[in-house]
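To start, the structure itself, in structure tokens.
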Amino acid sequence: MPATDFQGSSSPLSNIGRSILAIRRDQVHSMEGTHEATGLERELEAFQRQVTERFLQLSSGSSELLSLSWVRKLLDVFLCCQEEFRAILFNNKASLGRAPMDRLIGEFFERSVKALDVCNAIRDGIEHIRQWQKLLEIVPCALDNQRTLGEGQFRRAKKALIDLAIGMLDERDSSVSSVAHRNRSFGRNNASREHRSLGHFRSLSWSVSRSWSAARQLQAIGNNLAPPKANDIVASRGLAVAVFTMNSVLLFVMWALVAAIPCQDRGLQVHFSIPRNFSWAVPILSLHDRILEESRRRDRRNACGLLKEIHQIEKCTRHMNELGDSVHFPLTEEREAEVRQRVQELGQVCQAIKSGLDPLERQVREVFHRIVRSRTEGLDSMGRANHE
């Protein structure tokens with residue numbers, strides 16, 4: 001989305017990097033510690049600039065949006081922003097215990113705690129994708145060999161594809177509603193006994209409660225999130241802007257994770273109240289619009305997750321099922337060549353998922369621990385400031 005779409009506001013937050021200086025200079029004509037204040041202002045402006053640059057880089061590529069590699073880059077951006085924000089708080093510990101920072105930082109930590117549940121749900125979703133990958137790997141194992149392909153090999157591959165379809169349909173139901181646990185059978189009475197792997201796995205694995213809702217959690221994170229008022233900016237020496245920036249980054253990253261990865265009761269109807277004259281609003285709102293547009297595509301509306309690799313699993317599964325339904329034995333050379341080509345494509349998807357899931361899971365775990373550590377340090381600093 002072009003940057004010009006976000007300009008033209010008369011808000012005192014226009015050109016946010018300079019607004020912190022302008023508001024304070026207009027209302028505070030003389031103060032002690034001018035050198036230290038100038039250093040803080042430069043630190044805050046650098047933070048705004050770095051957040052903007054990182055999200056601009058993240059939004060520059062269109063082909064890899066919502067792929068495993070893109071989600072990993074998104075989490076890298078979050079971790080970098082979180083570390084820079086943590087440094088700002090550490091360097092200004094004395095301000096954390098005074099109004100309005102005590103209220104603003106307390107609200108930020110409350111949102112951070114809610115984000116921890118999202119991280120847990122996302123790790124469960126990653127495990128689901130890993131189970132799908134294991135089922136998908138059965139297909140190339142059964143069909144990718146040098147011998148002539150026979151009915152037995154196709155039956156083994158077909159069973160794996162049916163198991164996979166059942167698991168993905170079951171997860172799709174969970175993404176829509178977490179009220180009941182469904183066990184799809186495709187009309188087979190013994191399916192609940194034969195296909196326990198994914199449905200049963202889900203019922204035992206959630207590290208969030210069965211009534212937990214990703215949609216409600218995102219709404220809770222975004223609830224009452226609004227740009228800081230001018231008097232709060234002045235009273236906090238500009239720190240309020242950094243808190244709002246990090247709150248917005250936290251909300252967007254958690255929202256994007258829920259959009260990409262399967263989790264129960266997914267919902268993307270979250271209101272982003274970000275004034276478009278914040279420089280980093282340009283790339284964040286652009287990414288938000290592109291992800292929403294992806295969710296509205298006809299072939300993605302009912303998906304259990306918008307991750308690019310999930311879409312590839314669905315496409316490969318559909319093509320292999322269509323191919324399996326149309327083959328007759330013995331296979332002609334032409335049809336066998338077509339099968340092997342499809343199997344090769346499926347194998348590439350398996351490899352991409354296999355190589356991307358473990359690093360992604362480690363990053364989600366790191367995000368979780370970084371949030372916990374930052375909150376603990378922040379609360380400790382606030383407690384000390386109140387006793388000084």
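Without hydrogens or angle criteria, Gln363 side chain to Arg72 main chain gives a donor-acceptor distance under 3.5 Å. Listed for the Gln82 side chain is no donor-acceptor partner under 3.5 Å among the backbone atoms of Ile371. A donor-acceptor pair under 3.5 Å is formed between the side chain of Arg290 and the backbone N or O of Ser59. At least one donor-acceptor pair closer than 3.5 Å links the side chain of Ser295 to the backbone N or O of Leu292. A side-chain donor-acceptor contact under 3.5 Å links Asn91 to the backbone of Ala87. Formation of a donor-acceptor pair under 3.5 Å by the Arg300 side chain with backbone atoms of Leu306 is found in this model. No donor-acceptor pair under 3.5 Å is formed between the side chain of Asp380 and the backbone N or O of Thr376. At distances below 3.5 Å, at least one donor-acceptor pair connects side-chain atoms of Trp70 with backbone N or O atoms of Leu58. No donor-acceptor pair under 3.5 Å is formed between the side chain of Arg266 and the backbone N or O of Pro262. Of the possible polar contacts, one joining the Gln153 side chain to the Gly150 backbone as a donor-acceptor pair under 3.5 Å is found.
Note that OG of Ser236 is 10.5 Å distant from CD1 of Ile105, once rounded to the nearest 0.5 Å. For the atom pair NE2 of His128 and CE of Met168, the computed distance is 12.0 Å after rounding to the nearest 0.5 Å. One distance of note links CG of Asn302 with CG of Leu169; it measures 10.0 Å at 0.5 Å rounding. To the nearest 0.5 angstrom, His288 atom NE2 is 8.0 Å from Leu268 atom CG. If you take CG on Asp117 and CD on Gln217, they are separated by 5.0 Å, rounding to the nearest 0.5 Å. Atom OG of Ser69 is separated from atom CG of Leu74 by 11.5 Å, given to the nearest 0.5 angstrom.
Counting heavy-atom neighbours within 6.0 Å of Glu333 CD, excluding the residue itself, gives a total of 12 or less. Shown here is Glu83, whose CD atom has more than 12 heavy atoms of other residues, nucleotides or ligands within 6.0 Å.
In terms of heavy-atom proximity, Leu96 sits nearest to Ser381 at CD1-CB, 3.8 Å. Between Leu239 and Met101 the shortest heavy-atom distance is CB-SD, 3.6 Å. Across all their heavy atoms, Leu135 and Ala160 have their closest contact at O-CB, 3.6 Å. Residues Ala115 and Leu250 come closest through the heavy atom pair CB-CD1, 3.8 Å. When all heavy atoms of Ala352 and Leu68 are compared, the closest pair comes out as O-CD1, 3.8 Å. Residue Glu309 comes nearest to Val349 through the heavy atom pair O-CG1, 4.4 Å, listed as atom of the first residue, atom of the second, then distance.
Linking ILVMFWY side-chain heavy atoms closer than 4.5 Å, directly or via other members, places Leu379 and Val113 in two distinct hydrophobic clusters. Both Val118 and Val372 are members of a single hydrophobic cluster when ILVMFWY side chains are connected at heavy-atom separations under 4.5 Å. Cluster annotation: Leu307 is connected to Leu357 through the hydrophobic network of ILVMFWY side chains, with a link wherever side-chain heavy atoms come within less than 4.5 Å. Phe90 and Leu40 fall into different hydrophobic clusters, where Ile, Leu, Val, Met, Phe, Trp and Tyr residues are linked whenever their side-chain heavy atoms come under 4.5 Å apart, directly or through other members. Linking ILVMFWY residues whenever their side-chain heavy atoms come closer than 4.5 Å, directly or via other members, places Ile122 and Leu116 in the same cluster.
Remark: Arg375 pairs with no residue by the side-chain hydrogen bond (donor to acceptor under 3.5 Å, both in side chains) rule, at least two apart or across chains.
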Where do Arg123 and Phe368 land on the side chain to side chain contact (heavy atoms under 4.5 Å, CB included) test, with the steps shown first?
CA-CA 10 Å; Arg123 286 183 63 188; Phe368 182 99; over 6 Å; no
Could you check Glu294 against Arg297 for salt bridge (Lys or Arg N to Asp or Glu O under 4.0 Å), going step by step and ending with a plain yes or no?
CA-CA 5 Å; Glu294 185 71 15; Arg297 280 177 47 187; 2.8 Å; yes
Side chain to side chain contact (heavy atoms under 4.5 Å, CB included) for Met254 and Lys114? Distances and angles first, verdict last.
CA-CA 10 Å; Met254 294 300 120; Lys114 294 178 174 67; over 6 Å; no
Let's go through Glu361 and Val364 carefully: what are the C-alpha distance in whole Å and the side-chain angles of both, what is the deciding distance for side chain to side chain contact (heavy atoms under 4.5 Å, CB included) to 0.1 Å, and is it a yes or a no?
CA-CA 5 Å; Glu361 185 176 24; Val364 173; 5.7 Å; no
Does the salt bridge (Lys or Arg N to Asp or Glu O under 4.0 Å) test come out yes or no for Glu345 and Lys315, once each step is laid out?
CA-CA 10 Å; Glu345 294 171 357; Lys315 285 175 60 178; over 6 Å; no
With salt bridge (Lys or Arg N to Asp or Glu O under 4.0 Å) as the test, would you mind laying out the steps for Glu366 and Arg362 before giving the verdict?
CA-CA 6 Å; Glu366 177 61 23; Arg362 287 194 294 270; over 6 Å; no
Worked check of side chain to side chain contact (heavy atoms under 4.5 Å, CB included) between Ile310 and Ile261:
CA-CA 9 Å; Ile310 292 178; Ile261 307 296; 5.9 Å; no
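In this structure, Phe154 and Phe329 have perpendicular ring planes: the angle between them is above 60°, well past the 30° mark. Between Phe108 and Phe85, the ring planes lie perpendicular to each other; the angle is over 60°, past the 30° to 60° tilted range. The aromatic rings of Phe252 and Phe55 sit perpendicular, their planes meeting at an angle over 60°, well past the 30° parallel limit.
One side chain, Gln48 or Thr245, offers a donor N or O that lies under 3.5 Å from an acceptor on the other.
Residues Phe78 and Met246 form a side-chain contact, since some pair of their non-hydrogen atoms from C-beta on lies under 4.5 Å apart. Residues Cys304 and Trp132 form a side-chain contact, since some pair of their non-hydrogen atoms from C-beta on lies under 4.5 Å apart. Side-chain contact between Lys73 and Gln57 is absent, with no heavy atoms from C-beta onward closer than 4.5 Å. Between Gln264 and Trp212, some side-chain heavy-atom pair lies under the 4.5 Å cut-off. Side-chain contact between Leu225 and Ile274: absent, with no pair of heavy atoms (C-beta onward) separated by less than 4.5 Å. No side-chain heavy atom of Arg156 sits less than 4.5 Å from a side-chain heavy atom of Leu143. A 4.5 Å side-chain heavy-atom check between Phe278 and Ser248 finds every atom pair outside the cut-off. Side-chain atoms of Leu164 and Ile138, non-hydrogen and from C-beta on, never get closer than 4.5 Å to each other.
Each ring pair (Phe, Tyr, Trp, His ring centres under 6.0 Å) pair with one or both residues in residues 298-326, not counting sequence neighbours, would appear here, but there are none.
For the pair Arg296 and Glu293, the salt-bridge criterion is not met [side-chain N within less than 4.0 Å of a carboxylate O]. Comment: Glu338 engages Arg335 in a salt bridge, judged by a side-chain N to carboxylate O separation of less than 4.0 angstrom.
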